[in-house]
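All chains are named by letter (A, B, ...) in the order of the sequence lines, taking the proteins before the strands, and each is independently numbered beginning at 1. Basis for what follows: all heavy atoms, side chains included, without hydrogens, waters or symmetry-related copies.
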Number of protein chains: 2
Amino acid sequence: MEYKQLKLNNQLCFRLYTAARLTVGAYHPYLDPLGITYPQYLVLLVLWEQNKQPVCDIAKRLMLDTNTVTPLLQRMEKSGLLRRTKGKTDTRQRIVSLTEKGTTLREQAKHIPECLIANILEKMGSVEELTTLVPTLDKLIEGLSER
Amino acid sequence: MEYKQLKLNNQLCFRLYTAARLTVGAYHPYLDPLGITYPQYLVLLVLWEQNKQPVCDIAKRLMLDTNTVTPLLQRMEKSGLLRRTKGKTDTRQRIVSLTEKGTTLREQAKHIPECLIANILEKMGSVEELTTLVPTLDKLIEGLSER
DNA sequence: TATTTTTGCATCGTGAACGATATAAATCTG
DNA sequence: CAGATTTATATCGTTCACGATGCAAAAATA
């Protein structure tokens, strides 16, 4: 009984880890045809909301560091989704802007969120339960991200 | 307004993705001194609960595929935490068993779960909210994993 | 203004995830 | 029992996530 807390079943983190993996996996059928990955989709969401942002702003938004985001953006530049130009006011910055290809992808990606929600709901009934998840996750994220 | 659903803020998945990353990160202060990673810790939890399991059982337990688990186990074997021996009844199987080092690590890892929960609670108050998370995540996981 | 500190970005190395593919052993089926 | 199928594991390639480190530009401070 001493080791009870060690039991895998009791772990909240394992469920988060697994749920996150599976959720990202659920995007695959929708993202594969567009030729992008889930993290790349997140970058596009940020840029669709506001084009031309420095790397650091994108990183902040995604709560990632530049050592993750930079290579991600480099791959996306390579596949023609965006451009990275030198900043003018602050020359340290790299301003990321969508290409034609990156911009038009928005139309094709338009229905992904509803498809995904529908997909998940079909398999687990209640909408309420999912929506209650969000504020709790927000608190958790806020707690864990402050340092 | 047409693109409203695309907005990052509305995305449940992004929160899961972020919460999972940050939660794994919260294990670092406890796992680094033991020289193991979070996925390796998960493998150890499984083996501490029951030693000597074939690769596929461990994979099933963690809801991962062998192409993820095999290299993970190889690294753990390399660092002396476990052994992988040929199965006797089924020669295709590789039976994974803990070494002395892997076994004794259990003592040192004993307090990790309580430390982590305490750590999280300190930063976000209510226990109830966290505990309500678990069954919902379970449903989500179950829904997404069935195919 | 000179020096220090901070900031923005990049590179490198390691460990995961995971799709695709391969191989041998076990199992099923005709 | 022979051939087909499934199962258990492994390998390879790509993309991430992230700690450590480096560097130049900007900002702060002396």
Side-chain angles (χ1 to χ4, degrees), chain A residues 14 17-29 31-33 35-43 53-79 81 84-96 144-145 147, chain B residues 14 17-29 31-33 35-43 53-79 81 84-96 144-145 147:
Chain A
F14 175 66
Y17 159 82
T18 303
R21 273 194 314 108
L22 296 179
T23 312
V24 169
Y27 274 92
H28 262 111
L31 297 182
D32 283 353
I36 56 175
T37 65
Y38 180 68
Q40 292 179 5
Y41 172 66
L42 291 180
V43 170
Q53 292 192 55
V55 175
C56 60
D57 285 12
I58 298 174
K60 259 177 221 128
R61 198 71 202 293
L62 301 180
M63 305 188 79
L64 291 166
D65 274 333
T66 53
N67 57 354
T68 298
V69 173
T70 294
L72 183 55
L73 293 173
Q74 285 170 341
R75 282 185 291 271
M76 293 177 76
E77 183 174 42
K78 208 168 152 190
S79 62
L81 295 166
R84 299 181 310 136
T85 56
K86 280 233 154 70
K88 282 166 187 169
T89 54
D90 187 334
T91 60
R92 288 171 308 178
Q93 289 186 338
R94 287 281 229 164
I95 308 298
V96 181
L144 292 174
S145 62
R147 62 195 57 260
Chain B
F14 175 66
Y17 159 82
T18 304
R21 275 194 313 107
L22 295 178
T23 313
V24 169
Y27 275 91
H28 262 111
L31 297 181
D32 283 353
I36 56 174
T37 65
Y38 180 69
Q40 292 178 6
Y41 172 66
L42 291 180
V43 170
Q53 294 191 54
V55 175
C56 60
D57 285 12
I58 299 173
K60 257 176 222 128
R61 198 71 203 292
L62 301 180
M63 305 187 78
L64 292 166
D65 273 332
T66 53
N67 57 353
T68 299
V69 174
T70 294
L72 184 55
L73 293 173
Q74 285 169 341
R75 283 186 290 271
M76 293 177 77
E77 183 173 43
K78 208 168 151 191
S79 62
L81 294 166
R84 299 180 310 136
T85 57
K86 281 233 154 72
K88 282 166 188 170
T89 54
D90 188 335
T91 60
R92 288 171 307 178
Q93 290 186 337
R94 288 280 230 162
I95 307 298
V96 181
L144 292 175
S145 63
R147 66 194 48 260

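Atom NE2 in A:His28 sits about 13 Å away from atom C1' in C:dA20, given to the nearest Å. Taking atom NZ on A:Lys78 and atom C1' on D:dT15, their separation rounds to 12 Å, with Å as the unit. Look at CD on B:Gln93: it is 9 Å from C1' on D:dT7, rounded to the nearest Å. Atom CG of B:Leu31 and atom C1' of C:dT14 are 16 Å apart (whole Å). In this structure, the CG atom of A:Leu73 is 12 Å from the P atom of C:dT11, given to the nearest Å. Here D:dC23 presents its C1' atom at 13 Å from NZ of A:Lys86, a figure rounded to the nearest Å. The distance from atom CE of A:Met76 to atom P of D:dT14 is 19 Å, rounded to the nearest whole Å. Summarising the geometry, the separation between CG on A:Leu62 and P on D:dC18 is reported as 12 Å, rounded to the nearest angstrom.
In this structure, B:Arg94 contributes its side chain and B:Arg84 its backbone to a donor-acceptor pair below 3.5 Å. In this structure, A:Tyr38 contributes its side chain and B:Phe14 its backbone to a donor-acceptor pair below 3.5 Å. No side-chain donor-acceptor contact under 3.5 Å links B:Tyr27 to the backbone of B:Thr37. Within the 3.5 Å criterion, the main-chain N or O of B:Arg92 finds a donor-acceptor partner in the side chain of B:Asp90.
For C:dA10, the OP1/OP2 oxygens have a side-chain nitrogen or oxygen of A:Thr70 closer than 4.0 Å. Dashed line: the shortest gap from a side-chain N or O of B:Tyr38 to OP1 or OP2 of D:dA17 is not under 4.0 Å. For B:Thr37 and C:dT14, the shortest distance from a side-chain N or O to OP1 or OP2 is not below 4.0 Å. Taking side-chain N and O atoms only, A:Gln40 has a distance below 4.0 Å to OP1 or OP2 of D:dC16. Close to C:dC18, at under 4.0 Å from its OP1 or OP2, lies a side-chain N or O of A:Arg21. Of the side-chain N and O atoms in B:Arg75, none sit less than 4.0 angstrom from OP1 or OP2 of C:dT14. Side-chain N/O atoms of A:Arg84 include none lying less than 4.0 angstrom from OP1 or OP2 on C:dC9. Residue A:Gln74 places no side-chain N or O under 4.0 Å from the OP1 or OP2 atom of C:dC9. Applying the 4.0 Å criterion to OP1 and OP2 of C:dA16, one finds that A:Tyr17 has every side-chain N and O outside that range.
Residue-level contact check: B:Asp90 touches the backbone only, with heavy atoms under 4.0 Å from sugar-phosphate atoms and none from bases. Among the protein residues, B:Thr91 comes within range of the sugar-phosphate backbone only, with heavy atoms under 4.0 Å from sugar or phosphate atoms but none that close to a base.
The base of D:dT7 sits within donor-acceptor range of the side chain of B:Arg92, with an N or O pair under 3.5 Å. A donor N or O paired with an acceptor N or O is not found under 3.5 Å between the base of D:dG19 and the side-chain atoms of A:Asp65.
Nearest-nucleotide mapping onto DNA chain C: of A:Val55 and A:Asp32, the residue sitting toward the 5' end is A:Val55. Where A:Leu72 and A:Thr89 meet DNA chain D, the nucleotide closest to each residue was compared, and A:Leu72 sits on the side nearer the 5' end. Summary of the strand contacts: B:Met63 and A:Pro54 both lie near DNA chain C, and taking for each the nucleotide with the nearest heavy atom, the more 5' one is attributed to A:Pro54.
Counting heavy atoms from C-beta on, the side chains of A:Val55 and A:Gln93 never come closer than 4.5 Å. Residues B:Ile95 and B:Lys88 have side chains not in contact (no heavy-atom distance under 4.5 Å, counting atoms from C-beta outward).
Among D:dA10, C:dG8, D:dA8, the nucleotide with an atom closest to any side-chain atom of A:Cys56 is C:dG8.
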